[in-house]
Structures are given as C-alpha cells and as structure tokens.
Enquirer: 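Provided herewith is a single structure, encoded as structure tokens, for subsequent inquiry.
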Amino acid sequence: MSDYLSSLNPPQYEAVTHENGPLMIIAGAGSGKTRVLTYRIAHLMGQGVDPFNILSLTFTNKAAEEMRHRIEKIIGSEAKNLWMGTFHSVFAKILRIEGHRLGYTSNFTIYDTDDSKSLIKTIVKEFGLDDKTYKPNFILNRISGAKNNLISWQAYNENPIFLAEDTGAQMPEIGRIFKTYSMRCFSANAMDFDDLLFNTNVLFRDHLDVLNKYQHKFKHVMVDEFQDTNISQYLITKKLSAVNQNICVVGDDAQSIYAFRGANIQNILNFRKDYPDLNVVKLEQNYRSTKNIVNAANSLIAKNKNQLEKKVFSDNEEGEKIEVVKAHSDNEEGRIVANAIFESKVRDGLKNQDFAILYRTNAQSRAFEEALRKINIKYRIIGGLSFYQRKEIKDILGYLRFTVNQQDEEAFKRIINLPKRGIGDTTVAKIIVTASEHQKPIWEIVSNIKMYFDGKAANSIENFVNLIKSYKIMMEEEKDAHTIAMQVAKSTGLMHELYIDKTVEGKARYDNLEELLNSIKQFTDNPEVEDKSLGAFLQSVSLLTTADDEGDGDPDKVTLMTIHGAKGLEFKNVFVVGMEENLFPSQMMLKNRDDLEEERRLFYVAITRAEKRLTLTYAEQRYNWGKLNFCEKSRFIEEIDPSYLKEMEKPGGGNFGADSFDFQGFQRRVMPASKPVQTSPPTRSQTIANLKPVSQVKTAPQHVPTVDFQPSDTKNLKAGDKVEHQKFGFGTVKKMDNLGPTAKAVIEFENEGEKTLLLSFAKLRIVE
DNA sequence: GCTTTGTTCCTTTTT
DNA sequence: GGAACAAAGC
C-alpha cells in the first residue's frame, strides 16, 4: 500500500500525505496532478477516512470515473462510495434530495442552453420587445453572469449599476426579463446550469441544518481545476469545508481559460487570504513534454503579468523544435496536417490515438475531417453539435422530460404538436393564455381540456394527454428508463416516422434514435447504476460534458477538438491549427472582453498538451461563413522564443504538400473540392469510424479527369476553359475580369445561363 | 394548419 | 455554408 509513495518526488509526496488543514497545490502542466490527487484520496482512505466522507470535484464526469477506477485499483472496491463528479452533477444530486426546501420537487428538469434561450425568446416576444435588440444570447449571458456571482434577480433589479448598463446597451428591460425568466423556470420546476450552483448556495444559506449535515458528511473536500471555478462554486466549497477546514484545491493559474463563464482567477490568487494557515505545494517538474516544448511554453506565458510565481521545468529529452507551417488556404491546412499524420504514423510507428488536432473554434474542424477522410485516417470529434442536441434525440427526450415533469414548459412546447397532430401555434398560444388567466399550470388545463375548449384541436389534445398519462403509469409502476423510452418511441409514432423516411438524412436520424435507445439500454443494464428510473437517466444526460462522449469504443482515432476541450489531456503529437490573428487570439474575445492574457493562457494549454512533437499551422486565406478572408500569422507565434521554433513551408521534408499526394500503394482520387462525402450527420457510434474504401466514395464523373481548383490556379483560368460549379453545373469561361485574389470570371453555364462569379475557389473546379 | 421558398444573421470557448 | 425564421401559397 505504501510502495506507491516511493514513486513520488518530494513536493508530490508532500501533497499526497498532507492530511488535515487547507492545502493548495499549484500544479504546473504535466506535473502529475491527476496522479497526486488519486494517491491523495487513496492515502486518506488508507488512513481510515471513510470514502463516504470524501468529496472530490472534477472538471468532467469522465475524469471522475477514471480517477475512481485508479483508486479502486490501489485500495479496492470501496472507492465506488466516493463522492466524485463535476460541480453540476454532484450538486444536482444533492438538490434532488434537498430541493423541496426551496420549492422544487425531486424530479426537477435541468434546462440546457437551448431551453434557456428559447424561454428568453418567448419572454421577449411576450413583452412585445424587439428581438433584434434583445438577443437571447446576450441576455442569457447577462443573467448567467449575475447568477455566477450570486446576484439574484431581486438584487439585480435593485442595483442601479446593472440597470444603467442595460439602459446603456439599449436593453433597459433585461432586469424584468431576468425576473420573469427566473419565475418561469421555477414554475416549470426547472433549473438551468447556473441555478444548480446558485440554488445550492441558497440552500446552504437559508437552511443551516442542511448545510450542517453536508459539512459533517464531507470531511474532506477536493477541487480539481480550481483556477476555473467561479464565485458561486468557490463559496459552496468554502461553506462545506468551514467546519473541518479540510479543503484541498488543485490548479494552475496559467491554465485558467474559463473566465467567460464566470471563472475567477482571483479565487486562486486570493485563496491564501481566506486560509491564512494555508499549506502551499508547488509541482513544477513537467513529466509530460520535451524540454523544448516546456521551454517554449514558458517563454510564451512569461508575457502575462497576472500569475503566481513558479518555474516549470522538464528533465526529459531536448526533443524536436516546434514546427511552424504556413498553408495557403484552410483546405490546404487540412491536407498538410492529414499528410503529416500519415507520414508520422509510418515514420515513427505511431497510432491514430497518438495525434490530436486542436483548434480555437468548433467550426474549424471541417477541413481536417475532409482531409482525414480522404486518406482513410479514423478520427473522432469531441464537442461541436453533440449527439444530444440533434432534433430527433431532443424530440424523444422532450417526451421523456414531460413524462417526468409535466410543468416543463419547454418540453411541452416541443412535443405538443409532434408528430403533427393538428395543434398549431394558435392553439398553443390559447392554452398558454388560458393557463395564465386561470392561474393554473398548463398541465391542469390540457388534462381537462374539454372544460375549456371543444372542437378538433380539443380531441387531439385529449389524445396527447392520454399518451402522457400512459407513460406516467409506466413510471409509477417503476418500469425502467429503457422500457418507457422504447414505448414512447413506438407509440408516439416518432420512430415509425423516421423509419419510413428513406432519404439519407432520414436513415441517419433513425440510426441516431436507435443509438439513443441503445444508450438508455446500456444505462439500465449497467450494474453500477443503482437508480434506473427515467428521472435518473435524464439527469445523467443533461449533465454530460463534451469529454464524456465515449463514441463507438474504438480508441484508435485521431482526436479533433477545441483547445478548451483538451484541458487535462495529453498526446504524443499535437497540431495547433488556425494560428492566425483574429482567430487565435479570437477577435470576439478581444472585442468583448479584451482579455489577451486569457487567450495566451489558452495557447499555453494547447502547447503543453504535446509530449513529443508540436506543430503550429496557419493559413493565408480562409473561408468564414462563405466569404474568403485573408489572414495574418498569429502574434502568439512571434511571442515564443524563436530558438524553439522551426519555420517551414511544408512538414515532412517538403514532400507532403497539398499537390504531391500519392503515397505508396495509396492512389488518391481527386474529388470535387467541397462536396461532402457524407451528406448526413454521422451517428455517434459511427463517429466516422466506418470509412468507405476510396473506390466507393462519391467522386467526380469517371470519364472526366479532374484536379482540385486551387486558389493559386486562378492565373491559369482563361477564356474557353470548361469548369464545373458546385451549384450551377458545367459551363465555359467566357472572359476573365482580372487576376489575383479578387478575380472575376464570366461563365456561360449549360443550364443556368451566363453568370459573373467572384471566384470562390471551393465551389469551382477546372474540367480539363 | 401545413409546406415550400426566401431571407437573415451568424460563431468564441462550455457546464 | 447553413440554421432559424418569415412570408407566401395551398
């Protein structure tokens, strides 16, 4: 049991064996933080602390599960009794138990961002406000920001500063919207993400017996990624540990990247003030990366003024210099990275899973997906439009949510006329008006609909109510989540509707639905899950984090994700792509929050994910919602000490550029530039795993040899050339207007007639 | 009330 | 390029 301690370096040892009193671990990137946390919990348990008394808050549920399994290996099956999870999932669990104190039932709904926005939109409309001025996104951010700082709607409306700010932003009614939004959530028996934390604070503030209970329950409180906690989260942990003072926070101020959602770097900088007898341990040795990568990262982060003093170092090999690669376009960037991965797999004997492509925004993934797909490299995308945000999935979940909680207004609006049953907007509006006139919940109105309306719509509503009632009965009979979901999918007709849709999209949606039912089955079949009810399943779904999505079980894939998603992860080879001004650092960030330091920390996080090799790429031109933009190299590249960098045109000795694409035994067929190979959204389990052999992939007509239309080829385009346009089909160039990036061509299309096009390269290719 | 077609705005990042 | 919404037609 104690032999694992011998593998630790002195500060790690100190952190692991520190038992009582406040502790702050400043853990530099790659310093073995997870190992320390794991061992620390194991050590506490070894010292006789009951796992029921340990609360460990992690950043993703997946991280919690991994840690739990590692502890299990050291100390045994008791580890399953540890309280572990994200802030949101742990305190949602507590609110299920204690929420009745605040007027919620135990089956409250958790509104996701879409629900919140939709509700705000409804309120804006009801208030008769202009929805061009009152943007749901902005309002939600405002409300969320307030709640993360523990400002209630009452306090907000009493605060002249907030109201003046809103008036200044031409939105004086935000306070009133905040109030209505909060009351509507409450009467829907629903909490949004911020409410889970806000209400936990309210619970602990107003119900001291509850606070007391959990203070004594959680004898040890641990917080991972402490630099990314907000005030609301910090106060929860502070209150919980007020009696025992056994609070251990682990973080790295250099990796604080969530200020946009209220994370407060001051939490970590000021922790010492709250705990004067604080022990501080600094883990400064990086075991993950080469010297070159660590030094480069240090030279970058040194530009930040706000930071705790520490010296991260590596005793690993020197390693290769960081490659900086310029690509001509975003598509070429994709090909360069895909080729480099291909080459590196062969040269260094690496697997797909050793590579990650990290970008600033989800929208950047497309070029890399296409390039990887073309050369049959399996990949997985983390984040972006998640499985649970797809329409067909949300539809079924809407039914399940409404079955559990009939006050759920957002679910009601989604499913009342789905599948179409002749209840249009007018009827729904009438129901809502009637409900508010009689001061009764919507469910009360619709379940006695004949008392209020008659006619065709009333009959449809009655059928709908009976459907829901039948599901409720199943729930009361304690049928498990899968049984009920199956019944819902079948008896609503939603499953059949997708089944008879034989379009590619319809097929994909049907597969998605099947996948959903499978995952519910997995949930109810999992022996580790005690509560197999519908409510328990819904909760687990609504608090999934992006990293929690496991895909189809094949781990050997290249990982594509945002840098935010890469927190806590490591890969042998990392590509940080889109290193361009306005993209990274993001111009949005600079415009709205003017926080270059947070962007720099984000880049620091990206660099420090790499163990062996790091490549930075940027493109000279890039499409941004249909328009071609010209880009400049990111200032961040210049900020790294140049002695750690190696600038090059193309990686891999220049032999793997976009235009020299033939590998041994690997014949590439050139395809129309931006025609997606897979027209339907991939199901989660597919995750593009089952790539078609190149020969089956849709290609340009066989008889016409084609080449990609590259931007550099504009100079070659001349009158008389035959071209194909993605939308307009085949045509002949009549005349070129001028050359260079702003070139225009007059083209006579076979079916569409003459058109003048600003040459948008992805849509046009030369047919020789 | 439903379906088709046209128009607009958009994207940081996530629980 | 595309989702989300509005208008127009059935």
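Every heavy atom of this structure was used, including side-chain atoms; hydrogens, water molecules and symmetry mates were not. In the text below, chain A, chain B and the rest are named by the order of the sequence lines, each starting its count at 1.
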Enquirer: Would you classify D425(A) as touching base, sugar-phosphate or nothing, given that sugar-phosphate means primed atoms plus P, OP1 and OP2, and contacts are heavy atoms under 4.0 Å?
Expert: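 Contact class for D425(A): none.
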Enquirer: Please state whether the phosphate of dT15(B), meaning OP1 or OP2, lies under 4.0 angstrom from any side-chain nitrogen or oxygen of T60(A).
Expert: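 Indeed not, no polar side-chain atom of T60(A) lies that close.
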Enquirer: Donor-acceptor pair, distance only, cut-off 3.5 Å: does the side chain of S460(A) make one with the backbone of K456(A)?
Expert: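 Yes.
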Enquirer: Rounded to the nearest angstrom, tell me the gap between atom CZ in R593(A) and atom P in dT12(B).
Expert: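 Distance check: R593(A) CZ to dT12(B) P gives 12 Å.
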Enquirer: Which one, dG1(B), dT13(B), dT15(B), comes nearest to the side chain of T113(A)?
Expert: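 Closest nucleotide among those given: dT15(B).
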Enquirer: Can a cation-pi geometry be assigned to K567(A) and F59(A), taking NZ or CZ under 6.0 Å from the six-membered ring centre and within 45° of the ring axis?
Expert: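 Yes, cation above the ring, under 6.0 Å and within 45°.
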Enquirer: Using OP1 and OP2 only, check whether a side-chain N or O of N417(A) sits under 4.0 Å from dC2(B).
Expert: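 True: N417(A) side-chain N/O within range (under 4.0 Å) of dC2(B) OP1/OP2.
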Enquirer: Less than 4.0 angstrom between a side-chain N/O of K567(A) and OP1 or OP2 of dT13(B), yes or no?
Expert: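 For dT13(B), OP1/OP2 do not have a side-chain N/O of K567(A) under 4.0 Å.
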Enquirer: Counting only Watson-Crick pairs (N1-N3 plus N6-O4 or O6-N4) and G-U wobbles (N1-O2, O6-N3), all under 3.5 Å, who is the partner of dT12(B)?
Expert: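 Answer to the pairing question: none, since dT12(B) forms no Watson-Crick or G-U pair.
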Enquirer: Do the side chain of R261(A) and the base of dT15(B) come within less than 3.5 angstrom through a donor-acceptor pair of N or O atoms?
Expert: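 Side chain to base: no pair below 3.5 Å.
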Enquirer: Which residue, R622(A), K633(A), R360(A), forms the salt bridge (charged side-chain N to carboxylate O under 4.0 Å, His left out) with E580(A)?
Expert: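 Answer to the salt bridge (charged side-chain N to carboxylate O under 4.0 Å, His left out) test with E580(A) among R622(A), K633(A), R360(A): R622(A).
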Enquirer: Please confirm whether the shortest side-chain N or O distance from N624(A) to OP1 or OP2 of dC10(B) is below 4.0 Å.
Expert: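 No.
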Enquirer: What is the distance, rounded to the nearest whole Å, between atom CD of E599(A) and atom P of dT11(B)?
Expert: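 Rounded to whole Å, this separation is 17 Å.
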Enquirer: Can you see whether Y258(A) has R261(A) sitting over its ring - NZ or CZ less than 6.0 Å from the centre and within 45° of the normal?
Expert: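 Ring-cation test returns yes.
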Enquirer: What is the distance, to the nearest angstrom, from the CG atom on L628(A) to the P atom on dG1(C)?
Expert: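 Interatomic distance, CG of L628(A) to P of dG1(C): 13 Å.
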Enquirer: Taking only the P atom of each, what is the distance from dA4(C) to dT13(B) in whole angstrom?
Expert: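 Going atom to atom, P in each nucleotide, I get 15 Å.
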Enquirer: Determine the contact category for K456(A): base if any of its heavy atoms lies under 4.0 Å from a base atom, sugar-phosphate if only primed atoms, P, OP1 or OP2 are that close, otherwise nothing.
Expert: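 Touches nothing.
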Enquirer: Round to the nearest Å and state the distance from I381(A) atom CD1 to dT14(B) atom P.
Expert: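 Taking CD1 of I381(A) and P of dT14(B), I get 13 Å after rounding.
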Enquirer: Rounded to the Å, how far apart are K391(A) NZ and dA4(C) C1'?
Expert: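 These atoms are roughly 13 Å apart.
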Enquirer: Could you state the atom-to-atom distance from CD of Q255(A) to C1' of dT14(B) in whole Å?
Expert: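 Interatomic distance, CD of Q255(A) to C1' of dT14(B): 17 Å.
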Enquirer: With K147(A) as the cation and W153(A) as the aromatic partner, state whether NZ or CZ is under 6.0 Å from the six-membered ring centre and within 45° of the axis.
Expert: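 Not flagged: K147(A) not positioned over aromatic ring of W153(A).
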Enquirer: Check the phosphate of dT12(B) against T562(A), side-chain N and O only, distance under 4.0 Å to OP1 or OP2. Yes or no?
Expert: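 For dT12(B), neither OP1 nor OP2 has a side-chain N or O of T562(A) closer than 4.0 Å.
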Enquirer: Flag the pair Y104(A) / F186(A) as yes when their ring centroid distance falls below 6.0 Å, and as no otherwise.
Expert: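 When the ring centroids of Y104(A) and F186(A) are compared, they turn out to be within the sub-6.0 Å range.
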Enquirer: By nearest nucleotide on DNA chain B, pick out whichever of L543(A) and A457(A) is the more 5' one.
Expert: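 Comparing both residues, the 5'-ward one is A457(A).
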Enquirer: Would you call F260(A) stacked on dT12(B), i.e. ring centres under 5.5 Å apart with the planes less than 30° off parallel?
Expert: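 Per 5.5 Å and 30° rule: no stacking.
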Enquirer: Between dT13(B), dC5(C), dG1(B), which nucleotide has the shortest distance from any of its atoms to the side chain of N362(A)?
Expert: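 It is dT13(B).
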Enquirer: Calculate the interatomic distance between M589(A) atom CE and dT14(B) atom P; express it in whole Å.
Expert: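 So the CE-P distance, M589(A) to dT14(B), works out to 13 Å.
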Enquirer: Under 4.0 Å, heavy atoms only, any strand: does S89(A) hit a base, just the sugar-phosphate, or nothing?
Expert: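 Nothing, no nucleic acid heavy atom in range.
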Enquirer: Within the 4.0 Å heavy-atom criterion, would you say K117(A) contacts the bases, only the backbone, or no part of the nucleic acid?
Expert: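 Here K117(A) touches no strand at all.
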Enquirer: In Watson-Crick or G-U wobble terms, both distances under 3.5 Å, what is the partner of dA4(C)?
Expert: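 Answer to the pairing question: dT7(B), which forms a Watson-Crick or G-U pair with dA4(C).
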Enquirer: Heavy atoms under 4.0 Å, any strand shown: does Y258(A) hit a base, just sugar-phosphate, or nothing?
Expert: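 Result for Y258(A) = sugar-phosphate.
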Enquirer: Is it true that F260(A) and H564(A) have ring centroids separated by less than 6.0 Å?
Expert: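 Ring-ring flag for F260(A)/H564(A): true, centres closer than 6.0 Å.
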Enquirer: Check every atom of dT12(B), dC2(B), dG1(B) against the side chain of K420(A) and return the nucleotide holding the closest atom.
Expert: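 For the K420(A) side chain, the nearest candidate turns out to be dC2(B).
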Enquirer: Would you indicate what K135(A) reaches in the nucleic acid, counting non-hydrogen atoms under 4.0 angstrom: base, sugar-phosphate, or nothing?
Expert: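 Touches sugar-phosphate only.
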Enquirer: Mind calculating the distance between CG (D224(A)) and C1' (dT15(B)) to the nearest angstrom?
Expert: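 Computing the D224(A):CG to dT15(B):C1' distance gives 15 Å.
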